[in-house]
Number of protein chains: 2
Amino acid sequence: MLISLDMTGEEPLYLQLRNAIVLAIGSKSLQEGEGLPSVRQLAEDLGINAMTVNKAYTLLKDQGFIEIDRRQGAKVMVTREAYPHFPERWQEQFTLLIAEGHARGLGREELLEMYETLCNNLFEKGGTD
Amino acid sequence: MLISLDMTGEEPLYLQLRNAIVLAIGSKSLQEGEGLPSVRQLAEDLGINAMTVNKAYTLLKDQGFIEIDRRQGAKVMVTREAYPHFPERWQEQFTLLIAEGHARGLGREELLEMYETLCNNLFEKGGTD
DNA sequence: TATCTGTATTACTAATTATAATACAGATAA
DNA sequence: TTATCTGTATTATAATTAGTAATACAGATA
């Protein structure tokens, strides 16, 4: 899992990190049960503070993407119970993005093509799923 | 265009307003060239401050969804020049949402179904497009 | 002149972001 | 036992941004 952060952009570091990990899980390049680096290790690798990594991990835990064991560290474990807002909140955001694309001139077919292209790009990064 | 804001939620009022208008444009229930209420009028209707409405309008303008004429007020006018970040930024967000859905257990077919359902829901709100 | 536009200014509070230094609890391995 | 890993709680600090609001101004219009 290669993660690079944009230190100059406006997106918070902990969010960039959270998103990178969600992308990795979604593309199966991080698999269920797989362990994540320790907060200190990852912080050192990325050149950021350990508490910033901890913030990302805690967020991922609260959103049901990982579990954290004080002994072994964090590992991928997607659970539905931890995040009951799915799929309602997700659908809202999804609909909003579709609306944005359509408003900007993408027709139904173009939207569908775009969707499929993005899906393919995402899935070919990971394993055979 | 019926807009209702959640005054107690954590989502900022100006963002809720911006999103509601983008949804309306995307579903064609607000059409190209159609005028929006004045900032004061809308602020009064919604029971919020006029500058909050202005912030939403300014954001919509900066993102290329509306044009603002000091004389006539704001009207829907989607332009590509005003927002050169499309489609790159949009694709990133879209991909992230797909990844979230997939990570939470939606397979490729389920994702596609979900996509089509959301599309249909969105488009049937507006006109015949 | 009265009344609409949007908007610039200013203000104020609250929250966010990131970092840092410690310290602690628990587990593990030498 | 000791050293060394985990995560995490605590506290602090600093800079920045967010969010909302009150007010006044400029320009256009009727």
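Any value given below was found using the heavy atoms of this structure, including those in side chains, with hydrogens, waters and symmetry copies removed. Sequence lines set the chain letters: A, B, ... in the order given, protein chains first and strands last, and positions in each chain run from 1. None of these values were measured; they are calculated from a predicted model.
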With respect to the side chain of B:Asn49, which nucleotide from D:dG7, D:dT20, C:dT7 is positioned closest? D:dT20
Got a second to check how far A:Glu100's CD is from B:Gln63's CD, nearest 0.5 Å? 6.5 Å
Could you state the atom-to-atom distance from CG of A:Leu15 to P of C:dT17 in whole Å? 7 Å
Distance, rounded to the nearest Å, where B:Lys55 contributes NZ and D:dT17 contributes P: 12 Å
Do the side-chain N or O atoms of A:Ser38 get closer than 4.0 angstrom to the phosphate oxygens (OP1, OP2) of D:dT6? yes
Hey, is CD on A:Glu109 packed in by over 12 heavy atoms from elsewhere, all under 6.0 Å? no
Return the nearest nucleotide to the side chain of B:Arg71; candidates are C:dT7, D:dT20, D:dA28. D:dA28
Roughly, in whole Å, what's the span from CD in A:Gln41 to P in D:dT4? 16 Å
First of B:Ile68 and A:Met7 reached from the 5' end of DNA chain C, by closest nucleotide: B:Ile68
Using atom CZ of B:Arg70 as one end and atom P of D:dA26 as the other, report the distance to the nearest whole Å. 11 Å
Check whether any side-chain nitrogen or oxygen of B:Tyr14 sits under 4.0 Å from OP1 or OP2 of D:dG19, and answer yes or no. yes
A:Phe94-B:Phe94 aromatic ring centre distance below 6.0 Å: yes
B:Arg40 CZ - C:dA2 P separation (whole Å): 17 Å
To the nearest 0.5 angstrom, please state how far the NE2 atom of B:His85 sits from the CD atom of B:Gln91. 14.5 Å
Minimum-distance nucleotide to B:Asn54 side chain [options: C:dG6, D:dA22, C:dT28]: C:dG6
